[in-house]
Amino acid sequence: MTKEGVDDRMIPQISTPECIVSKDERLVKQITPKTEDFSRWYVEIIQKTELADYAPMKGMMVIRPYGYAIWEHIQRLMDQRIKAAGHVNAYFPLFIPESFLQKEAEHVEGFSPQVAWVTVGGKEELEERLAVRPTSEAIIGHMYSKWIKSWRDLPVLINQWANIVRWEKVTRPFLRTTEFLWQEGHTCHETYEEAQKETLLILAMYKEFVETELAIPVLAGRKTWREKFAGAQETYAIEGLMSDGKALQMGTSHNLGQHFSKVFDIRFEDRGQKLQYVWQTSWGVSTRLVGALIMSHGDDSGLRLPPHVAPIQVVIVPISLGNWKETVIPAALAAEEILKKAGVRVYLDTREEFTPGWKFAEHEMRGVPLRIEIGPRDVKSGQAVLVRRDTMKRETLPLDALGAKVPALLEDIQASLYQEAFTFQAQNTHEARTYDEFKDILDTKRGFVKSLWCGGEACEDKIKDETMATIRLIPLEIKDKPVHGACVCCGKEAKALVYFARAY
RNA sequence: CGGGGAGUGGCGCAGCCUGGUUAGCGCGCUUGCCUUGGGAGCAAGAGGUCGUCGGUUCAAAUCCGACCUCCCCGACCA
């Protein structure tokens, strides 16, 4: 499929209407309502809208064309940003020798429970078993040590788009699967400061990306020691609040310090002719973002896709009445052409085996941001009926105004989806000063809980044990502004203001 | 990994307890007619090794065992 075009294969392959519609009722009835059972709603949306399907192996899924098209838009928009920030793409091997993985002690300890191993090649037992990459720091570190000799070789700014395998015990489509797709950036710098600058630059880039393109507001901040990436010096992340009140980590950016350069011997001669270890970063976002889209914007009728990443931005449904093939179709084709010229991903649904009403419900479920209805009445009056998926509001528009108006309308939908999610996040972020207050909020309201924390792991663990909530982030600004007050858990002098939540 | 639930045409289910001709139903699918402004109607068709493997039995969707997969609640999880 072309960048801005809509491939025919993007249209539904299997359709299973199961309901008779009366005007005032919810149209898409084959999905369990969100409020009734969020988990069930989530998996049903994925299957019925053909985003993905379960593979026969535990924890693995097939990303189907409609779901993959969303990922391709995410890739495209993210790749542009990564390159604009000076990075280049490369590809490293899927397999990593066990000895490489074991060089960084914390790294191997953190990942070993989740690593899949290759022990046999053909019929030969391998001398050294190979890890299927759970992340690529080790293999990339090895290569960097060969490539970097001088400060003139720095910085190294490389990204790769790849698949990753982590043997998870509990899996859910898109949110946590045994194999997933992601991008991982791996950079090397002359100084700690430069690496730190890169780490925060990427964090800001992720936040801007997710908010601009996915219309999901996120918090950005630092992770606690407990939640940090195995092998990193500091981990930063963006966290979104899903519409069931649980937080989702949507991207991480690590300052690796010299942890990996020391064990992989990545050294360079600096400007003062001294041998030094490089300072590194790594960072990634994954197909989990597709899960975030579903859980942030979806409603009881199905998906609501932000126009920037929607495989189909506009669907034109011709109303088949009377001699519609002679009257309506030419008008619909003209409208399609105008929209294509305006850069809109448009699909004209001329399938005759489905009624217009059926198509309305189907495209609604699949989250198409804007529907344009053109019928005999409209052709006569030279207009079309537009229905936006986010608000379900309809308006009429002269046919010759489509080219000018629709792109702006799509931007408006994008903005309103963001605004709605932002309001939700704001309304579900609460402050708690006492532990009783804290527990009450988690029990009755969920969402983010903003509280003071003493910095002790004992409190962090106790809160997790008792409430299932974890520290999602320490906001960045608190480093500069010391806090005053008591820890929400132990009451001792607090060191930081943090966001807690139950998380995926 | 622990506790609970489930697996029968593409989807949703009945049948199982109490084994016995041809495994049913709704939706979808195919063909034809007729329709189409919010998931139309009629008619005729196609589609199943009942999750897998093994056991009991003259006989297994049904009883027994093991395994696989999914869902829920925990434990674990950069």
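The figures here come from the full heavy-atom set of this structure, side chains too, leaving out hydrogens, waters and symmetry mates.
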Residue [X], side-chain atoms from C-beta onward, closest of [options]:
{"X": "A:Glu168", "options": "B:A75, B:C71, B:C77", "answer": "B:C77"}
{"X": "A:Ala361", "options": "B:G39, B:U36, B:G74", "answer": "B:G39"}
{"X": "A:Trp358", "options": "B:G39, B:C71, B:G37", "answer": "B:G39"}
{"X": "A:Pro356", "options": "B:G39, B:G37, B:G74", "answer": "B:G37"}
{"X": "A:Lys58", "options": "B:C29, B:C71, B:U69", "answer": "B:U69"}

Between [atom2] of [N] and [atom1] of [X], the distance in whole Å:
{"X": "A:Lys48", "N": "B:G10", "atom1": "NZ", "atom2": "P", "answer": "16 Å"}
{"X": "A:Phe360", "N": "B:G39", "atom1": "CZ", "atom2": "P", "answer": "9 Å"}
{"X": "A:Glu50", "N": "B:C11", "atom1": "CD", "atom2": "C1'", "answer": "12 Å"}
{"X": "A:Lys464", "N": "B:A75", "atom1": "NZ", "atom2": "P", "answer": "7 Å"}
{"X": "A:Glu353", "N": "B:C29", "atom1": "CD", "atom2": "P", "answer": "8 Å"}
{"X": "A:Gln114", "N": "B:C1", "atom1": "CD", "atom2": "C1'", "answer": "14 Å"}
{"X": "A:Glu460", "N": "B:C77", "atom1": "CD", "atom2": "P", "answer": "12 Å"}
{"X": "A:Arg40", "N": "B:G12", "atom1": "CZ", "atom2": "P", "answer": "9 Å"}

My understanding is that a pair needs two contacts under 3.5 Å, Watson-Crick or G-U wobble. By that rule, which nucleotide pairs with [N]?
{"N": "B:A6", "value": "B:U69"}
{"N": "B:C63", "value": "B:G55"}
{"N": "B:U18", "value": "none"}
{"N": "B:C25", "value": "B:G12"}
{"N": "B:G41", "value": "B:C33"}

Separation between the [atom1] atoms of [N] and [M], rounded to whole Å:
{"N": "B:C16", "M": "B:A59", "atom1": "P", "answer": "22 Å"}
{"N": "B:A14", "M": "B:G7", "atom1": "C1'", "answer": "15 Å"}
{"N": "B:C76", "M": "B:C13", "atom1": "C1'", "answer": "36 Å"}
{"N": "B:G10", "M": "B:G47", "atom1": "P", "answer": "12 Å"}
{"N": "B:G51", "M": "B:U35", "atom1": "P", "answer": "44 Å"}
{"N": "B:U49", "M": "B:U36", "atom1": "P", "answer": "40 Å"}
{"N": "B:U22", "M": "B:G12", "atom1": "C1'", "answer": "24 Å"}
{"N": "B:G24", "M": "B:G48", "atom1": "P", "answer": "13 Å"}

Using a cut-off of 4.0 Å on non-hydrogen atoms, how would the nucleic acid contact of [X] be classed: base, sugar-phosphate, or nothing?
{"X": "A:Ser39", "answer": "sugar-phosphate"}
{"X": "A:Gln47", "answer": "nothing"}
{"X": "A:Met61", "answer": "nothing"}
{"X": "A:Arg226", "answer": "nothing"}
{"X": "A:Asp37", "answer": "nothing"}
{"X": "A:Val385", "answer": "base"}
{"X": "A:Pro376", "answer": "base"}
{"X": "A:Gly59", "answer": "sugar-phosphate"}
{"X": "A:Pro56", "answer": "sugar-phosphate"}
{"X": "A:Ser320", "answer": "base"}

- Closest-nucleotide 5' rank along RNA chain B - winner of A:Phe180 and A:Tyr54: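 It is A:Tyr54, whose closest nucleotide lies nearer the 5' terminus.
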- Message: Here's a test of your reading of the structure: between A:Phe111 and A:Glu352, which maps to the more 5' nucleotide of RNA chain B?
- Response: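 Looking at RNA chain B, the more 5' nearest nucleotide goes with A:Glu352.
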[X] and [Y] ion-paired at < 4.0 Å:
{"X": "A:Arg366", "Y": "A:Glu50", "value": "yes"}
{"X": "A:Arg222", "Y": "A:Glu227", "value": "no"}
{"X": "A:Arg502", "Y": "A:Asp443", "value": "yes"}
{"X": "A:Glu239", "Y": "A:Lys246", "value": "no"}

- Cation-pi between A:Lys207 and A:Phe209: NZ/CZ under 6.0 Å from ring centre and within 45° of the ring axis?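 No, a cation-pi geometry is absent between A:Lys207 and A:Phe209.
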- Message: Would A:Arg371 and A:Phe360 count as a cation-pi pair here, with the cationic atom under 6.0 angstrom from the ring centre and within 45° of the axis?
- Response: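 Pair A:Arg371/A:Phe360 counts as cation-pi.
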- Query: Does A:Arg172 make a side-chain N or O approach to OP1 or OP2 of B:C72 shorter than 4.0 Å?
  - Reply: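 Answer is yes, contact under 4.0 Å.
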- Does any donor-acceptor pair link the side chain of A:Arg176 with the base of B:C77 at a separation under 3.5 Å?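 By the distance-only test, yes, there is a pair.
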- Task: Record whether the side chain of A:Thr355 comes under 3.5 Å of the base of B:U36 through a donor-acceptor pair of N or O atoms.
- Result: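 Absent.
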- Task: Consider only side-chain N and O atoms of A:Tyr504 and A:Asp244, and report whether a donor and an acceptor are under 3.5 Å apart.
- Result: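 A:Tyr504 vs A:Asp244: donor-acceptor pair found between side chains.
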- Under 3.5 Å, is there a donor-acceptor pair linking the side chains of A:Thr470 and A:Arg472?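 Yes - a donor-acceptor pair under 3.5 Å links their side chains.
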- Message: Donor-acceptor check, side chain of A:Gln183 to backbone of A:Val285, threshold 3.5 angstrom: yes or no?
- Response: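 Checked: pair present.
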